[in-house]
Amino acid sequence: MKIIQTITLALLLTTTGATAQDSLQKTHITYDLSTEMAVGTGDFTAYQLVSNRHHTLATRANTGYVRGAVKADHTLAKCLTLSEKIDVVASVHADHKAYLQQLYANLKYDKFFFEIGSREHDAILRNAQLSSGAFTKGTNAKPIPQVRIGTTDFWTVPYTKGWLQIHFEGGYGKFMDSQYHKDLFYAHQDINGFYSSGAWYHQKHFYFRTNPEKRFFIVAGIDHAVQFGGTNYKYVGDELISKQKTTNLKTFWKVIIPVGDKNYFENNVTEDWVYGNHLGSMTIQIGWNINKDHLVQAYVDDPFEDGSGMRKSNGWDGLWGVEYTNKATGHQWVRGAVIEYLQTTNQSGPLHWDSGDYPEPVRSQITDYVTGNDNYYNHYFYESYSHYGMAIGNPLLASPIYNKDGFSQFRDSRVKAWHMGVIGEITDNISYMVKGSYREGYGTYHIPLPEKHHSFDAMLQGAYAKGPWQVSAAYAFDKGNVYGDCSTFNFKIGYHGKIL
């Protein structure tokens with residue numbers, strides 16, 4: 001352990017230039033070491049153990065990893081800090097054997113930040129441990145390297161006497177899974193007619209909140225994300241029939257607000273293409289402080305992939321939820337609870353007015369402006385809204401990585417699902433977590449399932465924490481025809497240490 005600390009300290013001091021004693025006095029360096037293993041039966045590691053964990057634990061059955069991270073925090077001035085972190089994972093029986101999970105530098109002033117690199121981020125409004133996941137910017141996939149700017153927390157707007165707080169963020173990033181898409185295509189060319197590479201990522205959100213200390217408060221806002229740029233390759237058999245790519249850097253500006261341009265693709269100038277694969281969600285959330293220790297919040301996240309979703313033409317589609325939070329001191333048998341209902345079956349109806357998929361006389365009879373068939377998370381150019389095969393949004397829409405035939409899109413994006421989660425403490429050192437989900441899937445409008453898919457996925461976890469040590473054990477299982485019947489035992493041990 002002393003050797004690791006010495007080497008890590010030398011590396012960080014070299015890279016940060018912290019050579020003077022006065023700098024060392026303002027620098028804090030910590031490290032985390034952990035290992036985790038999952039063993040059991042079935043084709044996959046049980047769903048609840050893998051989902052919403054930034055794709056750290058592999059989806060394959062009987063897998064594990066060792067992980068090490070070092071973080072340095074430098075106090076540069078009052079309210080001004082600089083942080084750096086490197087986080088490395090080495091896995092067995094996984095798609096990625098060794099990789100950088102996180103590598104970033106973050107400059108923070110008060111509640112504002114500027115950041116460069118790859119970093120795991122929790123959902124801003126959804127419970128990181130208990131929720132089924134955010135629709136737009138979830139925690140299910142590996143981090144996408146980005147340049148980001150925004151607020152670290154809700155910031156109180158001056159001169160509003162605490163009644164108005166805002167939270168905003170925006171950034172550009174780069175998808176790192178181009179080789180993954182290419183390899184998947186060539187391994188399963190019989191089912192995938194195209195693949196994309198070199199895509200970029202843009203995301204932003206803006207929320208406002210009334211004073212959360214009052215008896216009732218409201219949170220509302222919007223999330224927006226888009227895949228753009230890159231190159232799309234279409235094949236018929238082994239013959240490349242189309243290669244499309246963006247033409248210039250103006251897309252970085254155009255993707256901020258979805259607009260069209262007939263010259264978006266170099267070799268297809270007759271259509272009014274929209275820059276990139278846009279999607280997002282609009283949120284409304286109502287909070288009730290029952291008293292100083294107990295908070296209940298009700299919320300709905302309304303998904304959209306174009307204007308029809310933003311006009312709420314998608315019916316009851318959305319993530320509907322209620323969350324309870326216990327803020328009392330000391331160990332509490334129920335620290336928090338969440339119950340959610342997810343529906344994505346409407347998607348603004350089955351028809352889209354300009355689709356060439358409808359033959360005559362059907363097409364000529366569509367006289368209204370019909371913009372349905374939103375096909376959540378799927379796209380004709382970028383395949384799917386995923387990173388290394390894992391859904392970037394809510395994982396209840398089963399990720400493409402679970403498609404045993406190698407299909408690169410979401411096969412089952414029209415779902416209805418119930419989800420619940422409870423967490424609490426038995427003693428000051430021992431805690432538990434229970435989660436369960438039931439989902440029914442109907443395929444997509446283009447390819448409906450002859451019989452609905454269904455799955456019940458549950459997990460029970462116990463954890464012990466004392467000093468720098470954290471130990472947990474869990475059992476999880478899947479029943480149904482989405483992931484198959486999987487049964488997994490999970491063990492994890494971690495250590496948090498301090499160098500400076």
Side-chain angles (χ1 to χ4, degrees), residues 54 79-83 102 104-128 131 133-139 141 143-174 200-214 217-228 251-259 275-287 297 299-305 309-310 318-319 321 323 385 392-394:
H54 305 282
C79 299
L80 182 64
T81 60
L82 173 66
S83 301
Q102 300 182 88
Y104 67 84
N106 178 289
L107 184 64
K108 183 177 71 171
Y109 177 76
D110 196 15
K111 288 189 176 181
F112 301 90
F113 75 90
F114 174 76
E115 182 178 283
I116 300 176
S118 178
R119 183 178 186 178
E120 295 179 350
H121 298 282
D122 288 336
I124 304 300
L125 300 181
R126 298 298 143 249
N127 189 298
S131 174
F135 181 84
T136 307
K137 298 189 295 182
T139 59
I144 299 172
Q146 297 182 61
V147 176
R148 304 167 53 247
I149 190 169
T151 59
T152 60
D153 199 351
F154 278 91
W155 173 66
T156 301
V157 178
Y159 308 110
T160 63
K161 297 182 179 180
W163 276 100
L164 180 61
Q165 301 176 345
I166 61 174
H167 196 303
F168 65 88
E169 178 194 310
Y172 288 90
K174 182 71 172 177
W200 292 83
Y201 181 62
H202 168 63
Q203 58 79 23
K204 57 183 174 290
H205 71 250
F206 180 85
Y207 310 126
F208 75 84
R209 182 175 71 180
T210 60
N211 192 333
E213 302 300 323
K214 300 298 181 180
F217 63 93
I218 296 175
V219 184
I222 188 170
D223 284 281
H224 175 231
V226 55
Q227 297 166 286
F228 71 100
T251 54
F252 284 83
W253 171 255
K254 295 290 187 179
V255 297
I256 295 177
I257 299 177
V259 295
Y275 284 88
N277 175 29
H278 293 260
L279 72 157
S281 54
M282 297 178 290
T283 295
I284 183 71
Q285 184 166 314
I286 300 174
Q297 299 182 85
Y299 51 86
V300 58
D301 297 338
D302 173 33
F304 64 85
E305 295 224 359
M310 298 188 75
L319 179 68
E323 178 182 354
Y385 185 59
I392 298 173
N394 193 303

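Not counting sequence neighbours, Thr81 has no partner by the side-chain hydrogen bond (donor to acceptor under 3.5 Å, both in side chains) test. In this structure, the side-chain contact (heavy atoms from CB on, under 4.5 Å) partners of Leu80, at least two apart in sequence or on a different chain, are Leu76, Ala77, Leu107, Tyr109. The side-chain contact (heavy atoms from CB on, under 4.5 Å) check on Leu164 picks up Val157, Thr160, Phe208, with sequence neighbours excluded. Contacts of Arg148 classified as side-chain hydrogen bond (donor to acceptor under 3.5 Å, both in side chains), with partners at least two apart in sequence or in another chain: Glu115, His121, Glu169. For Phe112, the side-chain contact (heavy atoms from CB on, under 4.5 Å) partners two or more places apart in sequence, or in a different chain, are Thr151, Trp155, Phe168. Every residue meeting the salt bridge (charged side-chain N to carboxylate O under 4.0 Å, His left out) condition with Lys137, not counting sequence neighbours, appears here in chain and number order: Asp223. Contacts of Phe217 classified as ring pair (Phe, Tyr, Trp, His ring centres under 6.0 Å), with partners at least two apart in sequence or in another chain: none. The side-chain hydrogen bond (donor to acceptor under 3.5 Å, both in side chains) check on Gln285 picks up Arg126, Gln297, with sequence neighbours excluded. Checked against side-chain contact (heavy atoms from CB on, under 4.5 Å), Ile218 has the following partners two or more places apart in sequence or in another chain: Thr210, Ile284. Residues that satisfy the ring pair (Phe, Tyr, Trp, His ring centres under 6.0 Å) test with Tyr299, not counting sequence neighbours, are absent from this structure. Residues passing the ring pair (Phe, Tyr, Trp, His ring centres under 6.0 Å) test with Trp163, sequence neighbours excluded: none. For His205, the ring pair (Phe, Tyr, Trp, His ring centres under 6.0 Å) test picks out His167, Tyr207, with sequence neighbours left out.
Ser118 and Tyr104 get closest at one heavy-atom pair: O-CD2, 3.6 Å. Residue His224 comes nearest to Val255 through the heavy atom pair CE1-O, 3.5 Å, listed as atom of the first residue, atom of the second, then distance. Closest of all the heavy-atom pairs between Ala225 and Tyr385 is CB-OH, 3.4 Å. Pairing each heavy atom of Ala123 with each of Ala134, the nearest pair is CB-CB, 4.3 Å.
A donor-acceptor distance shorter than 3.5 angstrom exists from the side chain of Tyr172 to the backbone of Phe252, with no hydrogens or angles considered. A donor-acceptor pair is defined here as one N or O able to donate and one able to accept, closer than 3.5 Å; such a pair exists between the side chain of Lys204 and the backbone of Ile256. A donor-acceptor distance shorter than 3.5 angstrom exists from the side chain of Asn394 to the backbone of Gly133, with no hydrogens or angles considered.
When the shell of 6.0 Å around NZ of Lys214 is examined, it contains 12 or fewer heavy atoms from other residues, nucleotides or ligands. The environment of NZ in Lys174 is crowded: more than 12 heavy-atom neighbours from other residues, nucleotides or ligands sit within 6.0 Å.
Rounding to the nearest 0.5 angstrom, the gap separating the CG atom in Leu319 from the OG atom in Ser131 is 5.5 Å. A distance of 8.0 Å separates CG in Asn106 from CG in Leu82, rounded to the nearest 0.5 Å. With rounding to the nearest 0.5 Å, the separation of NE2 in His278 from CD in Gln227 is 10.5 Å. Here the OG1-CE distance, from Thr136 to Met282, works out to 10.0 Å after rounding to the nearest 0.5 Å. For the atom pair CD1 (Ile166) and CG (Asp153), the distance works out to 12.0 Å, reported to the nearest 0.5 Å. Here CD of Gln203 is found 10.5 Å from CD1 of Ile392. Values are rounded to the nearest 0.5 Å.
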(request) Verify side chain to side chain contact (heavy atoms under 4.5 Å, CB included) between Asn277 and Glu305, making sure each step is shown before the conclusion. (result) CA-CA 8 Å; Asn277 175 29; Glu305 295 224 359; 4.1 Å; yes
